[in-house]
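Just so it is clear: chains get the letters A, B, ... in the order the sequence lines come, proteins before strands, and each one is counted from 1.
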Number of protein chains: 2
Amino acid sequence: MNVLIVFAHPEHQSFTGTMLQEAVETLEEVGHSVQVSDLYRKGFNPVPGRHDFLTAHSDSLFNYANEQSHAHQNQSFAKDLRMEQDKLNWADLVIFQFPLWWFGLPAILKGWVDRVFANGYAYGGGRWFGNGAFTGKKGMLVITAGGPETAYQSDGIQGPIQDILAPLERGIFLSVGISVLPAFVAYGASYSSDSQKELVLDRLRDHLQTLESKPTIAPPNPTDYDETLRRKPQ
Amino acid sequence: MNVLIVFAHPEHQSFTGTMLQEAVETLEEVGHSVQVSDLYRKGFNPVPGRHDFLTAHSDSLFNYANEQSHAHQNQSFAKDLRMEQDKLNWADLVIFQFPLWWFGLPAILKGWVDRVFANGYAYGGGRWFGNGAFTGKKGMLVITAGGPETAYQSDGIQGPIQDILAPLERGIFLSVGISVLPAFVAYGASYSSDSQKELVLDRLRDHLQTLESKPTIAPPNPTDYDETLRRKPQ
């Protein structure tokens with residue numbers, strides 16, 4: 001597979017950085033091709049604006065979705081977006097690797113989604129979910145979380161990890177047609193001992209070596225929903 | 001109440017912009033004081049980095065949480081962060097107003113949280129949830145969502161809106177001690193008729209006029225959890 005890792009940690013000497021290195025090595029050993037979009041290192045701008053486009057549909061009112069659609073039709077996305085879209089087109093698997101901040105993606109990664117998954121390019125005209133622009137691709141989250149695993153269970157103070165990750169996976173991957181592989185979560189990374197970190201890296205290697213035999217969650221099929229977007233009776 | 005609205009839409013002539021104007025007027029009519037942090041207009045930078053700090057704890061490894069803690073102890077946050085923290089200190093109610101993008105906050109608002117809710121200032125040293133730095137404050141989401149309301153029900157293609165909003169409310173507001181007021185959601189705003197938009201604005205006014213009688217969700221109490229952060233037996 002062609003694997004794009006979108007990486008969002010400011011420090012390569014962090015444990016998240018070590019995990020990135022391990023991931024790239026493991027994926028290449030297994031025979032995959034890997035590209036990394038290292039968002040902090042490239043100074044990726046996560047804020048949408050007129051700088052997204054080489055042309056303008058309207059100079060007065062700024063309607064972001066309309067401008068995106070216009071740029072898609074005229075192939076006039078700015079260079080930083082075109083580069084990321086090219087990598088996304090190339091990828092069979094997209095991995096988001098990041099520290100879970102406030103139950104979500106760090107802003108620099110959220111802005112990668114906001115800007116790169118543009119109207120016209122990533123969705124629009126009835127293309128979404130099972131009919132999405134990126135059907136056939138897979139997506140996966142690789143996360144470091146601050147607390148221990150017990151904090152992210154149903155009786156934990158943070159609540160079940162699945163309640164945190166499912167909206168990210170559905171809202172981002174599934175909605176554009178990307179099937180979802182099981183997330184990899186490294187808990188308590190910031191206060192783990194070296195031997196605990198080694199165990200996490202072992203677990204990460206195992207996870208990445210067996211990607212192709214893992215079950216995926218497929219996007220729902222839009223034709224199963226009526227015109228109000230509610231599921232039709234079976 | 002002192003109300004801080006953190007506003008994240010690039011275009012004031014949008015319906016989200018109209019909703020902001022309506023919100024400010026209604027809240028002031030009721031007798032509240034209002035400040036708006038208009039993130040796009042002020043060019044807020046959502047990406048963390050050394051520019052967050054006037055001093056440095058470590059010049060080599062960039063450990064963001066450690067640098068934040070150091071800055072809090074030395075009152076050396078950069079001016080843009082200090083200004084936002086001052087407004088947050090002043091506020092009894094914090095409103096996040098934004099278009100729901102990919103089931104989440106737009107990057108510029110997510111980065112406001114990532115940078116302003118700094119270690120040492122907003123959490124740390126056992127201060128979180130019911131023991132959090134901002135206990136006594138309230139928080140509320142005011143959202144525009146692309147699809148119709150039926151898409152965000154349990155049989156809708158997007159799934160229940162509560163599954164999308166609860167992680168945002170818990171992960172951001174509750175975790176720093178902020179009690180949560182019911183979110184206001186404007187559905188299908190982008191393709192509504194003028195009369196439908198008027199109805200939304202009416203509903204928004206009603207929602208904001210009766211804030212003080214509305215039930216809130218309180219953060220869980222950390223003393224109800226054991227050292228593994230699981231709920232103690234009752």
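- In this structure, chain A has no heavy atom under 4.5 Å from any part of Phe173(B).
- Between chain A and the residues Asp163(B), Val113(B), Ile164(B), the most heavy-atom pairs under 4.5 angstrom are made by Val113(B).
- Phe62(B) pairs with exactly one of Glu11(A), His12(A), Gln13(A) by the side-chain contact (heavy atoms from CB on, under 4.5 Å) rule, that one being Glu11(A).
- If you measure heavy-atom distances from Glu149(B) to chain A, you find no contacts under 4.5 Å at all.
- Looking at Trp128(B), only its side chain comes within 4.5 Å of chain A, counting heavy atoms on both sides.
- Of the atoms belonging to Pro48(A), heavy atoms from both backbone and side chain fall under 4.5 Å from chain B.
- Under the 4.5 Å side-chain criterion, counting only non-hydrogen atoms from C-beta, Glu169(A) is not in contact with Phe103(B).
- Of the listed residues (Tyr64(A), Phe44(A), Tyr40(A)), the one with the most heavy-atom contacts under 4.5 Å to chain B is Tyr40(A).
- Counting heavy-atom neighbours within 6.0 Å of Gln162(A) CD, excluding the residue itself, gives a total above 12.
- Of all the listed residues (Leu61(A), Ile172(A), Leu39(A)), the one sharing the greatest number of non-hydrogen pairs under 4.5 Å with chain B is Leu61(A).
- Taking CG of Asp114(B) as the reference point, atom NZ of Lys110(A) lies at 11.5 Å (rounded to 0.5 Å).
- Per-residue counts of heavy-atom pairs under 4.5 Å with chain A were compared for Val47(B), Asp226(B), Ile108(B), Asp224(B); the largest is that of Val47(B).
- Both the backbone and the side chain of Thr228(B) come within contact range of chain A, each with at least one heavy atom under 4.5 Å from a heavy atom of that chain.
- Separating the CZ atom in Arg230(A) from the CD1 atom in Ile157(B) is a distance of 13.5 Å, to the nearest 0.5 Å.
- The two atoms that bring Pro46(A) and Ala107(B) nearest to each other are O-CB, 3.5 Å, heavy atoms only.
- Neither the backbone nor the side chain of Leu168(A) comes within contact range of chain B; no heavy atoms are under 4.5 Å apart.
- Counting heavy-atom pairs closer than 4.5 Å to chain A, the top residue among Ala151(B), Gly111(B), Pro220(B) is Ala151(B).
- The OG atom of Ser14(A) sits 9.0 Å away from the CG atom of Asn63(B) when rounded to the nearest 0.5 Å.
- Neither the backbone nor the side chain of Ser154(B) comes within contact range of chain A; no heavy atoms are under 4.5 Å apart.
- Residues Phe117(A) and Trp101(B) place their aromatic rings such that the two centres sit no closer than 6.0 Å.
- Residues Gly171(A) and Trp102(B) come closest through the heavy atom pair O-CE3, 3.2 Å.
- Other residues, nucleotides and ligands place more than 12 heavy atoms under 6.0 Å from the CD atom of Gln196(A).
- The environment of NZ in Lys79(B) is sparse: at most 12 heavy-atom neighbours from other residues, nucleotides or ligands sit within 6.0 Å.
- Heavy atoms of Leu105(B) lying under 4.5 Å from chain A belong exclusively to its backbone.
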